[in-house]
Each structure stands twice: as structure tokens, then as C-alpha cells.
**Student:** 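First the structure, then my questions, so here it is.
Every heavy atom of this structure was used, including side-chain atoms; hydrogens, water molecules and symmetry mates were not. Reminder, nothing fancy here: chain letters follow the sequence lines and each chain counts from 1.
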Number of protein chains: 2
Amino acid sequence: MKWDTLDEEPCSLSRTVAVIGDRWTLLILRECFLRVRRFEGFQSSLQITRHLLSERLKKLVRFGILRRVPYSEAPKRYEYVLTERGLDLYPIIMAMVHWGDAHMGDERGRPLLHEHRTCGKLFDPVMVCSECGEALHARQVHVHPGPGRPKAIA
Amino acid sequence: MKWDTLDEEPCSLSRTVAVIGDRWTLLILRECFLRVRRFEGFQSSLQITRHLLSERLKKLVRFGILRRVPYSEAPKRYEYVLTERGLDLYPIIMAMVHWGDAHMGDERGRPLLHEHRTCGKLFDPVMVCSECGEALHARQVHVHPGPGRPKAIA
DNA sequence: CCAGTAAGTCTGAAAAAGGAACTGATATCA
DNA sequence: TGATATCAGTTCCTTTTTCAGACTTACTGG
């Protein structure tokens, strides 16, 4: 399996991993969801090297997750905002935050609390079945090959 | 931000990223959820170098996500099974698979379909609010500092 | 003119990943 | 008995990525 063709693998997880499956990209996305938009903003809050930040932002733009929007004409300055496709990454980020809250916490408690503005309460994200609405557990799910699965693979 | 102390950052996402935030680890976990348990199984289906596989499995065991269980006494052989903590990663993996299905698909359709055994239907995973049960969207969530957040950070 | 800010680029050293052969304990075949 | 195979790793060397920090370009404000 080679990284440069990972986004063409017949596996949706591989394809997602090809786009956001590295540490800096995930942390950059966290900042995006916390409303950070500018190069210096990402750089100072993450302490990422400018070189890598530049590369990762380009990649996220290339995959349509961020849009590079000018906010100043002279000098030319751009900021990076989440596209619809980028906003759809929210469940991934929230699932990771939730796992961290549940399994990597310390005695001080959670670093952040999340309020659902629709209902006004502090909440946890829960993953449910789109059909019956029940909470999902790994052992209740059965996997079938789909139409995009090459026959050669079991 | 240094990688070796990322799991102590006052941010649940960083802590999760410290454990599973690299490409191979995510792919290894996919195989775990597809019931792969043995070294040769991971190696042959992922084409990961044995060196890296060995390192990643050790790390997953160290963080309590996999358990190393003997399945043969002579010769000594071990397999790797998900712990409860590892099973709890399922929503992360499913969220990634779902994003890949939705945004990285091709004309052939989905590589895998998921059946919820509880209700018997093919489903998509949906992330909802634990309090009101509504589907979550990034723009409806407001973030508050929690007790584990150092005051120095906004 | 000088300092400061923002968004990058460039460079050399350090760390991580890749590739492939090797090890050790046992089973299987001829 | 010796030759081959299996499984779970380890070792060694090369290539690729990442890191740390200086440098660049285009302005603004005093």
C-alpha cells in the first residue's frame, strides 16, 4: 500500500486516511472548528513549523476541505475556511474528542464542554444507526462487500 | 507541541491523536474491526513493513487498545484483540468510513455496506446529541472551557 | 526610514518510514 | 534425516518526512 495512491484504494477508510490521516492535519482541523482561519493563527496555537503548515493547508485546499479566501488585497492575504465537505468532518473530530474525554482524561476533568445550541444542554456525541436510531456497537454490525469492492478481495 | 507529550495536552483531541493519529494505526484498527487478529494477517492485508507493524501493535497494547493473547504455547504465538477501550474507537472509524463513502467515492459505489444486526437494515452512522437526540452539526455547537482547561489558555 | 505584521519559502540536521534479509521455535513432508 | 514452510517478530541500511529557524515579499504606522 503506497501513500500516494491511498485515496484510490477500494476502502472508504483508506480514502479518508489519505486526506486527514496524519497528526498535524487533525490538529489543524480542530483549530478550524474552533474558528481559526489564518496562517499565523494556526501556527501560533499549534507550534507547527511554517513549512508543514503551508503544505497541510495546501493539501486540505486541494481536497476541497478548506477554501482559500482573500481577505486583503494589498498586501494579498488569504484565510482558510471550512467548505461543506470540511464541515462534514465534524463527526470524526467529535468522535475523537469524545474518546479522548472518556479514555484519556485526568483528574482535572474535561478540557472543553460542548453545548448543543438547539436544545441548550451540555452533551456528548453519540453514534446511532440511521435506520432505527439505536446507539451503534461494533459487535452489532455486519459488513457486506459493496458494489465498489473488487471481487478479488474477500 | 511535541509528539512524545501529546497525550498530556489539555485537549482531548490531542490525546486521541497521540494514540491513533497516524495512518498505519488507523488502518490497523480497521483490520481489527474486520476481525483480523494476527501479525501475519495484518501484514499481508496492509503491506505494512513488519518493523512498523510490530511498533504500532506494541503502542496499541501499551495504550490498552489491544490485548496480546497467547493462542499457542509451542511455539509461543500471540494474537491481538480489541479491548473495551479499543471497541470504543468504533465511532471514530465509522465516522471516517462514512465521510469516505460520502466524499471520496467513485462511480463503482461503496466498497463495503454495513448491516445493523439489531434492526436488520443497511445503515449509515449518524452522530446525534446525547441529550435531545437530534443530528449534530458543527454550527450548532458552542464550546466552553471545562475544568481540565488551564486558565492561561483562552 | 525603521519597526512590525502576515503569509509564506528555503535550508541543513534529525527523526521516521520503507525494503528486505535474518532469527528462532516448531511442524510437515519425503 | 534433511529440506521446506509457518509465524512472529528483529536487524540493518536507505529514502523520505519532519523539525528548527532564518529569510523573503509586500505592505502599514510612526
Side-chain angles (χ1 to χ4, degrees), chain A residues 1-7 9 14 17-29 31-32 35-63 66-81, chain B residues 1-7 9 14 17-29 31-32 35-63 65-82:
Chain A
M1 187 163 312
K2 294 149 193 160
W3 287 134
D4 49 344
T5 56
L6 195 59
D7 57 334
E9 286 282 311
S14 297
V17 166
V19 183
I20 62 160
D22 74 283
R23 309 193 196 212
W24 283 125
T25 299
L26 289 164
L27 294 175
I28 288 168
L29 287 169
E31 297 300 306
C32 291
R35 313 296 203 269
V36 172
R37 289 173 152 79
R38 300 187 182 175
F39 194 93
E40 296 294 322
F42 292 111
Q43 205 280 320
S44 65
S45 68
L46 294 174
Q47 302 293 18
I48 182 177
T49 64
R50 310 177 73 78
H51 182 72
L52 269 211
L53 175 58
S54 173
E55 275 212 346
R56 292 293 190 274
L57 290 172
K58 273 179 196 152
K59 182 173 172 186
L60 288 170
V61 168
R62 183 153 37 85
F63 278 108
L66 296 177
R67 210 156 13 101
R68 191 158 172 269
V69 182
Y71 71 90
S72 150
E73 277 307 314
K76 277 265 183 196
R77 293 286 153 74
Y78 299 90
E79 57 186 9
Y80 297 87
V81 301
Chain B
M1 190 162 312
K2 293 152 196 158
W3 289 133
D4 51 343
T5 55
L6 195 59
D7 58 332
E9 286 283 308
S14 296
V17 166
V19 183
I20 63 161
D22 74 284
R23 311 194 193 206
W24 283 125
T25 300
L26 288 164
L27 294 175
I28 289 168
L29 287 169
E31 297 300 306
C32 291
R35 314 296 203 269
V36 173
R37 289 174 154 78
R38 299 187 182 173
F39 194 93
E40 296 294 322
F42 292 111
Q43 206 281 318
S44 64
S45 68
L46 294 174
Q47 302 292 21
I48 182 177
T49 64
R50 311 175 75 76
H51 180 70
L52 272 210
L53 176 57
S54 172
E55 274 212 347
R56 292 293 190 274
L57 290 173
K58 273 179 197 151
K59 181 174 172 186
L60 288 170
V61 169
R62 184 153 37 84
F63 278 108
I65 287 167
L66 297 178
R67 210 153 16 100
R68 193 159 170 269
V69 182
Y71 71 90
S72 151
E73 278 306 314
K76 275 267 183 196
R77 291 286 154 73
Y78 298 91
E79 58 188 9
Y80 297 88
V81 302
L82 285 163

**Student:** Is it the case that B/R37 places NZ or CZ above or below the six-membered ring of B/Y71, under 6.0 angstrom from the centre and within 45 degrees of the axis?
**Tutor:** no
**Student:** Pick base, sugar-phosphate or nothing for A/R56, based on heavy-atom distances below 4.0 Å to the nucleic acid.
**Tutor:** sugar-phosphate
**Student:** Would you tell me if any nitrogen or oxygen in the side chain of A/T49 comes within less than 4.0 Å of OP1 or OP2 on D/dA20?
**Tutor:** no
**Student:** If you compare every side-chain N and O of A/W24 against the phosphate oxygens of D/dC19 (OP1, OP2), does one of them come in below 4.0 Å?
**Tutor:** yes
**Student:** Could you state the atom-to-atom distance from CG of A/L52 to P of D/dT17 in whole Å?
**Tutor:** 11 Å
**Student:** Taking all non-hydrogen atoms of both residues into account, name the closest pair between A/P75 and A/S72 and its distance.
**Tutor:** O-OG, 2.5 Å
**Student:** Measure the distance from CG on B/L57 to P on D/dC7 and round it to the nearest whole Å.
**Tutor:** 16 Å
**Student:** Check the phosphate of D/dG9 against B/R68, side-chain N and O only, distance under 4.0 Å to OP1 or OP2. Yes or no?
**Tutor:** yes
**Student:** Can you tell me how far P of D/dT10 sits from CD of B/E55, to the nearest Å?
**Tutor:** 10 Å
**Student:** Measure from the side-chain N and O atoms of B/Q43 to the backbone N and O of B/I48, and report whether any donor-acceptor pair falls under 3.5 Å.
**Tutor:** yes
**Student:** With the threshold set at under 4.0 Å for non-hydrogen atoms, list the residues of residues 72-79 of chain B touching DNA chain C in residue-number order.
**Tutor:** B/A74, B/P75, B/R77
**Student:** Could you tell me which non-hydrogen atom of A/R23 sits nearest to which non-hydrogen atom of B/G21, and how far apart they are?
**Tutor:** CG-O, 2.8 Å
**Student:** Could you list all the salt bridge (charged side-chain N to carboxylate O under 4.0 Å, His left out) pairs where at least one residue sits in residues 43-55 of chain B, not counting sequence neighbours?
**Tutor:** B/E40-B/R50
**Student:** Side-chain contact test, heavy atoms from C-beta onward, threshold under 4.5 Å: evaluate it for B/L66 versus B/L82 and give yes or no.
**Tutor:** yes
**Student:** From NE2 of B/H51 over to P of D/dC7, roughly how many Å is that when rounded to an integer?
**Tutor:** 22 Å
**Student:** Can you tell me if B/K58 touches the phosphate of D/dA8, counting only side-chain N or O atoms and a distance under 4.0 Å to OP1 or OP2?
**Tutor:** no
**Student:** Do any side-chain nitrogens or oxygens of B/W3 fall under 4.0 Å of OP1 or OP2 in D/dC19?
**Tutor:** yes
**Student:** Does some side-chain heavy atom of A/R56 sit less than 4.5 Å from a side-chain heavy atom of A/D22?
**Tutor:** yes
**Student:** For the residue pair A/F42 and A/Y80, categorise the inter-ring angle as parallel (less than 30°), tilted (30 to 60°) or perpendicular (more than 60°).
**Tutor:** perpendicular
**Student:** Ignoring hydrogens and geometry beyond distance, is the side chain of B/R50 in donor-acceptor contact with the base of D/dA8 at under 3.5 Å?
**Tutor:** yes
**Student:** Between A/L46 and A/L27, what is the shortest heavy-atom contact and its length?
**Tutor:** CD2-CB, 3.9 Å
**Student:** Between B/Y80 and D/dG9, is there a side-chain N or O to OP1/OP2 distance below 4.0 Å?
**Tutor:** yes
**Student:** Between residues 36-48 of chain B and DNA chain D, which residues have a heavy-atom gap below 4.0 Å?
**Tutor:** B/R38, B/F39, B/E40
**Student:** Atom CG of B/L53 and atom C1' of C/dA16: how far apart are they, to the nearest Å?
**Tutor:** 16 Å
**Student:** Rounded to whole angstrom units, what separation is found between the CG atom of A/D22 and the C1' atom of D/dT16?
**Tutor:** 14 Å
